[in-house]
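Report on one structure; see the data block that follows.
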Amino acid sequence: MIKHKQIDTTFYQQDVLIVAPQLLGKIICLKADGTERYFFITETEAYRGEEDLACHCSKGRTPRTEAMYHNGGIFYVYLIYGMYYMLNIVTGSKNEPQALLIRGIKEFDKKTKKIIYDYNGPGKAGKILGVNQYLYGMSVFNNNNFRIYDVNYFETENRIETAPRVGINYAGMWKNKPWRFILI
DNA sequence: TGAGTGATCGTA
DNA sequence: ACGATCACTCAC
């Protein structure tokens, strides 16, 4: 099944509003402790530019937001509420700060193709994927433990819903943008 | 509904 | 140095 290529860096250098919905259904292979676990992405959220008041970059370029100002294809990771590492993928091109948050994944068995567990919510998804600060700025494409394949394990056509983003009520008009993408 | 938890950044 | 804030989760 996994004879497919990984998604390469140029894909992530497109606009986040293109990349975020297209990642739905894509397969993540996680290598850890000599085993491989398989997931597919069920929910993403787009954060787009300094003008987007929900995006961390609306506060400008700081040590934390630095990664988002780079070319797409690297991880942007941060700790929230002292407990949860949020896994984001930087998109777009240099000095065009964007990222997408991975809000949900489902683990499946490679052989039986049955779904094992639903990690709904970015804290839970980050935890099961072993997300840590060490991932900050690392390439999504060139790393040993984490791969995203250019294949949808499940048919995603006509199965994508949009919704406003979660937890950003402070963002004025931006809070209503339908930049949350859900695989149904 | 509210407690838990610690990095981050602006203000001093 | 200090304190407010926070792209969340779980138990009640």
Side-chain angles (χ1 to χ4, degrees), chain A residues 11-26 28 30 37 39-93 95-107 115-140 146 148 160-184:
Chain A
F11 172 78
Y12 300 108
Q13 291 174 353
Q14 302 174 89
D15 192 280
V16 69
L17 295 177
I18 303 285
V19 178
Q22 283 199 37
L23 273 185
L24 294 178
K26 293 293 188 293
I28 296 172
L30 180 72
R37 300 174 74 173
F39 306 84
F40 64 97
I41 298 170
T42 57
E43 188 175 333
T44 60
E45 246 170 29
Y47 291 86
R48 188 172 185 272
E50 291 184 340
E51 67 272 22
D52 174 9
L53 292 181
C55 182
H56 291 161
C57 290
S58 66
K59 303 240 171 38
R61 192 167 185 156
T62 67
R64 182 173 74 148
T65 61
E66 175 66 24
M68 276 196 273
Y69 288 81
H70 293 220
N71 276 320
I74 63 174
F75 291 112
Y76 167 53
V77 171
Y78 65 93
L79 182 68
I80 194 164
Y81 299 113
M83 284 184 244
Y84 304 106
Y85 286 100
M86 302 286 100
L87 180 60
N88 297 254
I89 296 174
V90 174
T91 61
S93 44
N95 294 325
E96 183 182 58
Q98 305 182 336
L100 65 91
L101 171 66
I102 295 183
R103 291 194 56 87
I105 56 176
K106 284 182 178 168
E107 184 170 12
I115 292 169
I116 298 171
Y117 203 86
D118 182 6
Y119 298 97
N120 57 319
K124 284 182 265 185
K127 185 178 179 189
I128 197 63
L129 293 174
V131 175
N132 234 325
Q133 272 301 127
Y134 84 95
L135 271 182
Y136 186 98
M138 190 179 286
S139 169
V140 178
F146 190 103
I148 303 181
I160 295 176
E161 273 186 0
T162 62
R165 294 170 291 178
V166 174
I168 53 149
N169 285 326
Y170 55 82
M173 61 167 281
W174 297 90
K175 79 180 182 204
N176 297 319
K177 297 279 184 191
W179 289 356
R180 180 182 179 198
F181 303 96
I182 306 158
L183 182 64
I184 54 170

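Sequence lines set the chain letters: A, B, ... in the order given, protein chains first and strands last, and positions in each chain run from 1.
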*Between A:Arg103 and A:Glu45, is the closest basic N to carboxylate O distance under 4.0 Å?*
yes
*Integer-rounded Å distance: B:dG6 C1' and A:Tyr85 OH*: 9 Å
_Short side-chain donor-acceptor distance under 3.5 Å, A:Asp15 and A:Gln98_ = yes
*Which heavy-atom pair separates A:Ile102 from A:Ile89 by the least distance, and what is that distance?*
CD1-CD1, 4.1 Å
_Given B:dG6, C:dC8, C:dA7, identify the nucleotide with an atom nearest to the side chain of A:Leu79._
B:dG6
*Send over the distance from A:Leu53 CG to C:dT5 C1', rounded to a whole Å.*
16 Å
*Just checking A:Met83: base, sugar-phosphate only, or nothing, at a heavy-atom cut-off of under 4.0 Å?*
base
*asked:* If you define the side chain from C-beta out and look only at heavy atoms, does anything of A:Ile41 sit under 4.5 Å from A:Ile28?
replied: yes
*Return the residues of residues 172-184 of chain A meeting this criterion: a heavy atom under 4.0 Å from some atom of DNA chain B. Order them by number, or give none.*
none
*asked:* Show me, range against range, the stems involving DNA chain C, built from at least 3 consecutive Watson-Crick or G-U pairs below 3.5 Å.
replied: B:1-4 with C:8-11, B:6-11 with C:1-6
_Atom-to-atom span, CZ of A:Arg64 to C1' of B:dG6 - whole angstrom_ = 12 Å
*Judged by modelled atom types alone, do A:Glu50 and A:Tyr69 share a side-chain donor-acceptor pair under 3.5 Å?*
yes
*Within the structure shown, what part of the strands sits under 4.0 Å from A:Gly123 by heavy-atom distance: base, sugar-phosphate, or nothing?*
sugar-phosphate
*asked:* So A:Val19 and A:Phe11, do their side chains get closer than 4.5 Å, heavy atoms only?
replied: yes
_Quick one, A:His70 and A:Tyr76 - any side-chain contact, counting heavy atoms below 4.5 Å?_
no
*Side-chain touch A:Tyr85/A:Gln133, heavy atoms, less than 4.5 angstrom*: yes
*Examine the base of C:dA7 for any acceptor or donor lying under 3.5 Å from a partner atom in the side chain of A:Tyr78, and report the outcome as yes or no.*
yes
